[in-house]
Amino acid sequence: MAEIIELTDFSQPELDVYARLTDAQLRSRLEPEKGIFIAESPKVINRALDAGCVPVSLLMERRHLSGQGREVMDRCGEIPVYTGDRELLENLTGYQLTRGILCAMKRPAFRTVEELCTGTHRLAVLENITDATNVGAIFRSAAALGMDCVLVTPSCCDPLCRRAVRVSMGTVFQIPWTVIGDNPEDWPAAGTERLSRLGFKTAAMALREDAVPVDDPAPGAEERLAVILGTEGDGLAADTIAQCDYTVRIPMARGVDSLNVAAASAVAFWQLRQKKEN
């Protein structure tokens with residue numbers, strides 16, 4: 001049975017995770033293995049629970065205690081449930097709760113790249129993408145369009161930051177992912193070599209004259225392919241492109257210079273997905 005706690009004092013240290021800690025502080029609070037992330041909305045929370053994530057506490061509007069929050073509470077077991085009216089919770093968190101329910105959860109342990117890639121054929125690599133909205137949208141596309149897993153470079157936005165989790169609609173818990181490298185210096189040289197040792201060919205998504213179009217049959221025919229996407233402004237680093245097996249572009253019309261990286265990811269994932277034999 002959950003412990004219902006009516007909020008009267010915002011200074012309670014247990015509320016820090018919802019109101020006073022940044023995403024970076026949540027990620028490495030006290031010790032990395034004690035890191036926390038925030039899941040927002042019943043759908044996202046349920047997907048996190050389905051993936052085995054461990055809840056720490058809930059924060060929800062009072063009206064949801066007997067409504068859509070009841071199923072979530074039943075699944076979370078004996079944890080604190082902090083509650084109050086909408087205005088009070090918005091004053092606490094500093095933002096509008098789109099679905100009225102937040103859940104603080106323990107961060108799952110990272111798997112190694114080698115563990116994650118075992119038996120996989122298509123993966124996405126996100127190089128230094130810092131916008132949480134783009135990261136969340138890319139994860140949603142990767143989950144929907146045939147990628148087996150996602151790797152993020154050490155300088156990439158944390159896929160478990162609140163906004164990325166929400167934009168992904170919880171697909172960050174459905175598609176396996178991990179960080180490739182411990183430090184920014186581990187990418188691209190060491191990272192692309194690591195992928196090569198695992199049997200992956202690499203496809204750099206870049207608008208260059210020497211790039212092959214995304215519907216070229218060669219990259220899509222590879223047994224194991226890593227699709228590498230670059231940061232929002234400058235795209236992939238020149239060193240990354242130089243070390244990839246393919247440079248792939250999405251042809252543009254009407255003088256448009258490029259697509260947003262999240263939109264480009266959806267096109268690339270669909271076109272380069274593993275083709276199943278009939």
Side-chain angles (χ1 to χ4, degrees), residues 51 108-129 134-135 137-156 159 168 171-182 185-208 210-231 235-251 261-278:
F110 281 136
R111 295 163 64 185
T112 68
V113 172
E114 287 71 20
E115 289 171 337
L116 201 69
C117 291
T118 299
T120 63
H121 298 274
R122 290 292 184 270
L123 63 83
V125 181
L126 312 190
E127 178 185 273
N128 306 338
I129 298 177
N134 282 334
V135 168
I138 293 170
F139 264 81
R140 191 172 182 181
S141 293
L145 300 174
M147 294 295 105
D148 296 313
C149 60
V150 177
L151 304 178
V152 299
T153 64
S155 297
C156 193
S168 81
T171 54
V172 293
F173 309 116
Q174 294 182 313
I175 184 166
W177 68 273
T178 195
V179 180
I180 182 165
D182 298 318
E185 296 75 18
D186 293 331
W187 180 267
T192 54
E193 181 182 349
R194 195 172 181 183
L195 291 173
S196 179
R197 289 198 306 269
L198 291 168
F200 283 90
K201 296 295 185 179
T202 47
M205 298 302 302
L207 287 170
R208 290 171 38 134
D210 60 347
V212 299
V214 72
D215 59 355
D216 186 285
E222 294 289 353
E223 178 70 16
R224 309 189 89 190
L225 185 69
V227 181
I228 305 178
L229 298 150
T231 188
L236 287 173
D239 286 350
T240 302
I241 297 172
Q243 293 176 50
C244 286
D245 299 293
Y246 298 96
T247 304
V248 179
R249 61 181 169 82
I250 300 171
V261 65
S265 75
V267 176
F269 296 161
W270 174 251
Q271 187 62 49
L272 297 173
R273 70 197 186 282
Q274 186 185 21
K275 306 302 191 294
K276 305 295 185 182
E277 297 292 338
N278 292 328

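Atoms considered below: every heavy atom in the structure, side chains included; atoms not considered: hydrogens, waters and symmetry mates.
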Are side-chain heavy atoms of Trp187 and Val179 found at a separation under 4.5 Å?
no
If every non-hydrogen atom of Val227 is compared with every non-hydrogen atom of Ala268, which pair is closest and at what distance?
CG1-CB, 4.2 Å
CG of Asp186 to OG of Ser155: how many Å apart, nearest 0.5 Å?
10.0 Å
Please answer whether the main-chain N or O of Ile180 pairs with a side-chain N or O of Arg194 as donor and acceptor at a distance below 3.5 Å.
no
Quick one, Thr112 and Thr178 - any side-chain contact, counting heavy atoms below 4.5 Å?
no
Which heavy atom of Val172 sits nearest a heavy atom of Pro159, and at what distance?
CG1-O, 3.7 Å
4.5 Å side-chain heavy-atom contact, Leu123 and Leu116:
no
Please report the C-alpha distance between Glu223 and Lys201 in whole Å, then the side-chain angles of each, then the deciding distance to 0.1 Å, and finally whether the side-chain contact (heavy atoms from CB on, under 4.5 Å) criterion is met.
CA-CA 8 Å; Glu223 178 70 16; Lys201 296 295 185 179; over 6 Å; no
How close do Val135 and Cys156 get, heavy atom to heavy atom, and via which atoms?
CG2-SG, 4.2 Å
Looking at every non-hydrogen atom in both residues, tell me the closest pair between Phe139 and Ser168 and how far apart they are.
CB-CB, 4.3 Å
Can you tell me how far apart CZ (Arg249) and CG (Asp210) are? Round to the nearest 0.5 Å.
9.5 Å
Specify the closest pair of heavy atoms between Phe200 and Ala226, including all atoms of both residues, with the distance to one decimal.
CD2-N, 4.0 Å
Output for pair (Glu114 CD, Leu198 CG), nearest 0.5 Å, gives 5.0 Å
Show the nearest heavy-atom pair for residues Phe173 and Ala51, with the distance to one decimal.
O-CB, 3.4 Å
Could you tell me whether the side chain of Thr202 and the main chain of Asp245 form a donor-acceptor pair under 3.5 Å?
yes
Test Ile228 against every option in Leu236, Thr247, Val248 by the side chain to side chain contact (heavy atoms under 4.5 Å, CB included) rule and name the one that passes.
Leu236
Distance check, rounded to the nearest 0.5 Å: Met205 atom CE versus Leu272 atom CG?
6.5 Å
Donor-acceptor pairs are to be reported for all side-chain atoms of residues 140-154 against protein atoms at under 3.5 Å, with residues two or more places apart or in another chain.
residue: Ser141; atom: OG; partner: Ala137; partner atom: O; Å: 3.4
residue: Asp148; atom: OD2; partner: His121; partner atom: N; Å: 2.7
residue: Asp148; atom: OD2; partner: Arg122; partner atom: N; Å: 2.9
residue: Thr153; atom: OG1; partner: Leu126; partner atom: O; Å: 3.4
residue: Thr153; atom: OG1; partner: Asn128; partner atom: N; Å: 2.9
residue: Thr153; atom: OG1; partner: Asn128; partner atom: OD1; Å: 3.0

Within a strict 4.5 Å, meaning less than it, do heavy atoms of the Arg224 and Thr120 side chains meet?
yes
Do side-chain atoms of Ser196 reach the backbone of Glu193 as a donor and acceptor pair under 3.5 angstrom?
no
